[in-house]
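First comes the structure, then the notes that go with it.
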Amino acid sequence: MQSKAHQIVTGLQRLTLFWRASQWEVAKELGLNPTQCEILTRVAVRPERVADLALVLGISQASLSDSVASLDRKGMVRRRPDPKDGRARQIVVTEAGRVLAARMPEAPEALQDALAGLGHADAAGLLRSLTLIIRSLQEARAIPVQRMCLTCRYFSPHVHDDPARPHHCAFVDAAFGDAALRLDCADYETATEEAAARVWAALAEVG
Ligand code: SF4
């Protein structure tokens, strides 16, 4: 009998194949490629440093610069010095880029329908599982740090008695549950390694 890991990986592969094909369709329709779409989506939320973007997208700075240069030529982004560090460059969306980014669907329609069909407990469990897997991969240095709750300095897990909303976000000063865990949050700020390790240990203890 094939292992549980094999079945999960098979499921993730199917979703990835579907996701990639959908990304190419959307990108083609907008006259971009999937990497350019991803860059535009991210900088539409907030300006990003070149080095940070390359890291989070898992591509070299040279590849990223090519994609940014192409977006720049199309009038979708511009580069400027980072206000916090004049030696670094930031990528900022233009109004035209923001309009284009707004046309990109959050997810393929069929996937959105499938996710909407999940019950609350299934959706929350799925999000928690994905969060834990991604955090494990980060811990193993297999993927870069994501803007996610588990490594955010505002996050405290399992600090409230309400089982539906046990976690706390100090940024908005509110309790929330697994269904509201973020894997990409515009308000994210990286926690210290010690604080992130404490969060990780607290989650492992609860299981
Ligand atoms: S700021 Fe965002 S990433 Fe940080 S804890 Fe709050 S919701 Fe999570």
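Atoms within each ligand, like the ligands themselves, are counted from 1 in listed order. Only a predicted model underlies this, so the values are computations on that prediction, with no experimental measurement involved.
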- [ ] Rounded to the nearest 0.5 Å, what's the gap from CZ on R103 to CZ on R98? Could you check?
- [x] 16.0 Å

Task: Nearest non-hydrogen partners of H168 and A175, listed with the distance - done: ND1-N, 4.0 Å

Open item on the list: Check this for me: does any side-chain nitrogen of one of E139 and R135 sit under 4.0 Å from a carboxylate oxygen of the other?
Closed with: yes

TODO: At a cut-off of 2.8 Å, list the protein N/O/S atoms near atom 4 (Fe) of ligand 1, residue plus atom name.
DONE: C152 SG

Open item on the list: One pair to check against salt bridge (Lys or Arg N to Asp or Glu O under 4.0 Å): D82 and K84. What are the steps and the verdict?
Closed with: CA-CA 5 Å; D82 183 343; K84 289 184 189 157; over 6 Å; no

Open item on the list: With a 6.0 Å cut-off (strictly less than), is the heavy-atom count around CZ of R182, excluding the residue itself, greater than 12?
Closed with: no

Task: Sole candidate of R89, R79, R147, R80 that passes salt bridge (charged side-chain N to carboxylate O under 4.0 Å, His left out) when paired with E48 - done: R147

